[in-house]
Amino acid sequence: MNFDIFADLRWRGLIHQSTDDAFLPGWLMSGRRTLYAGFDPTADSLHVGHLVAMMVLRRFQKAGHRPIALVGGATGMIGDPSGKSEERNLLSREALLANVQSMQGQMRRFLDFDSSENAAIMVNNFDWMENYSYLDFLRDVGKCFPINVMLAKDSVKNRLERDSGISYTEFSYMLLQAYDFVYLNEHFGCELQTGGSDQWGNITAGIDLARRLRGVQLYGMTNPLLTKSDGTKMGKTESGAVWLSRERTSPFKFYQYWINVEDADVGKCLRYFTELSRDQIEALDAAVKTDPAKRESQRRLAEELTRLVHGDDGLRRAQQATEVLFGREISGLSDAELGEIFSDVPSKDLPRSRLEAGIGIIDALVEAGLASSKGEARRTVEQGGAYLNNQRVAGIDAKLTPAELASETVLVLRSGRKKYALLRFQA
RNA sequence: GGGGGGUUUCCCGAGCGGUCAAAGGGGUCAGACUGUAAAUCUGAUGGCUAUGCCUUCGCAGGUUCGAAUCCUGCACCCCCCA
């Protein structure tokens with residue numbers, strides 16, 4: 001417990017606000033503490049936005065503390081108004097249950113639930129809220145919440161200023177989260193709650209409730225929200241969020257996302273998301289300055305994170321796919337290998353007889369969906385933007401025949417820098 | 001209620017009887033350069049069975065050998081005066 005976790009987090013830029021900057025460092029070094037962070041099951045997978053909170057829990061565990069990962073089966077039924085501009089749709093019970101389960105599965109990658117010393121704990125607040133009667137809850141918990149205090153919280157205030165307003169349901173959200181903290185304190189001795197900076201209001205609500213209800217002092221700490229140097233949200237691509245589940249975001253895409261992080265953001269990402277030491281990170285920062293083209297930082301970041309989220313195997317495949325995609329000619333591979341590398345890529349099945357008869361490159365591009373008209377396909381080829389198995393197509397008269405197959409049945413077409421499509425020729 | 005202006009290809013915006021698939025800019029796409037980056041430069045940007053054909057300039061009619069361009073009606077938008 002002689003590791004100063006608070007100082008480490010501060011150096012990493014992970015502390016946005018805490019209830020007591022002066023007290024917490026010593027408190028954390030003087031004994032094993034139990035802390036928690038909550039995750040609402042709004043989807044069947046965690047995404048990059050959850051990564052900061054997840055890594056914070058992981059760091060605490062590695063520093064010897066005991067983390068509790070709370071999945072909000074109950075709070076997820078209500079909807080957290082924090083940081084949201086509009087009322088959300090309620091999810092069905094079945095959807096929530098499924099989401100809780102798959103999110104819990106992903107958390108096992110970040111936390112150690114089997115350690116003898118300080119095993120992490122997984123809880124679902126549905127378990128203690130399900131049978132808590134409305135009347136009892138209002139009498140026990142509601143009584144401790146002055147409306148004027150609730151109205152002053154940013155999450156509520158922002159919504160009241162909008163036309164859409166806020167429903168009583170979402171307005172009540174903070175009571176549930178506040179009670180979670182009290183419950184975890186009573187049952188697991190949890191004394192610290194962490195979360196994104198938008199959670200501050202909910203965290204302090206829990207601290208207040210604990211004081212009023214039980215006369216105990218709890219603590220809170222928030223992490224900055226993850227933004228890029230241009231002010232936009234990190235973890236978003238044109239096609240949506242970057243997810244941790246391989247079904248939603250393949251290991252290859254996940255790896256690529258980090259490889260493509262801007263120079264201006266990569267240092268922050270290394271601090272937030274990796275467990276590299278301060279020396280290592282500062283050496284990488286220096287490398288970004290002296291030799292940006294090498295992108296050592298991005299490579300290291302992508303490697304560390306892909307390994308953590310998708311394992312050694314996922315990392316290997318992502319790297320292999322990267323090599324193939326950004327390498328030279330694609331040939332002599334098997335259908336299975338290609339299918340794996342190009343798992344995200346759209347494909348189209350065509351009868352093999354057509355290939356045997358020879359398909360014009362123009363038709364092939366249109367069939368594969370890489371061009372919306374023949375005119376566009378022709379233009380692409382004439383400008384040198386069309387590739388067959390990663391080799392530039394020479395002219396619009398090019399014909400595809402079985403000799404061009406990259407594997408048993410597949411041809412790899414590409415338009416421009418990175419738009420790929422597969423054509424499959426089954427018998 | 002009266003007067004005036006507008007509606008153009010993804011967007012903005014020129015065109016005001018033939019040489020208009022329609023200037024220019026933006027966006028987008030591709031190429032060069034590069035770090036799978038940014039910036040920059042270059043090219044492309046309605047469709048097709050393609051030295052030609054078809055569809056497109058608010059909608060519907062009309063004049064003309066020929067209309068995005070002229071006329072009539074309709075719809076919508078904007079401005080000014082009441």
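Below, read A as the first sequence line, B as the second, and so on, with proteins coming before strands; counting in each chain starts at 1. Hydrogens, waters and symmetry mates are skipped; everything else that's a heavy atom, side chains included, is used.
- Between the side chains of A:Asn390 and A:Tyr420, a donor-acceptor pair is found at a separation under 3.5 Å.
- A:Arg392 comes within 4.0 angstrom of sugar-phosphate atoms only, judged by non-hydrogen atoms across all strands, and of no base.
- Salt bridge A:Asp285/A:Lys289: absent, no basic N to carboxylate O contact under 4.0 Å.
- Note on A:Ser373: only backbone sugar-phosphate atoms sit closer than 4.0 angstrom, heavy atoms only; bases stay farther off.
- No engagement by A:Tyr255 is indicated, since no non-hydrogen atom pair under 4.0 Å with the nucleic acid exists.
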Ring pair (Phe, Tyr, Trp, His ring centres under 6.0 Å) between A:Phe254 and A:Trp243, intermediate numbers included: CA-CA 8 Å; A:Phe254 185 82; A:Trp243 301 90; over 10 Å; no

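- A salt bridge does not link A:Glu117 with A:Arg66: none of the charged nitrogens is closer than 4.0 Å to a carboxylate oxygen.
- Using atom P as the reference point in both B:rG66 and B:rA75, the two lie 30 Å apart (nearest Å).
- Put simply, the side chain of A:Arg378 and the base of B:rA50 share a donor and an acceptor less than 3.5 Å apart.
- Contact annotation for A:Glu382: no contact, since no heavy-atom pair falls under 4.0 Å across all strands.
- A sub-4.0 Å separation between OP1 or OP2 of B:rG35 and a side-chain N or O of A:Arg417 is absent.
- When heavy atoms are screened at a 4.0 angstrom cut-off, A:Asp263 is found touching base atoms of the nucleic acid.
- With distances taken from any side-chain atom of A:Glu262 to the nucleotides B:rA37, B:rG35, B:rC29, the minimum falls on B:rA37.
- Across all strands, A:Lys374 comes closer than 4.0 Å only to sugar-phosphate atoms, never to a base (heavy-atom distances).
- Within 3.5 Å, no donor on the side chain of A:Glu376 pairs with an acceptor on the base of B:rU45, nor the reverse.
- Judged by distance alone with a 3.5 Å cut-off, a donor-acceptor contact links the side chain of A:Gln383 to the base of B:rG43.
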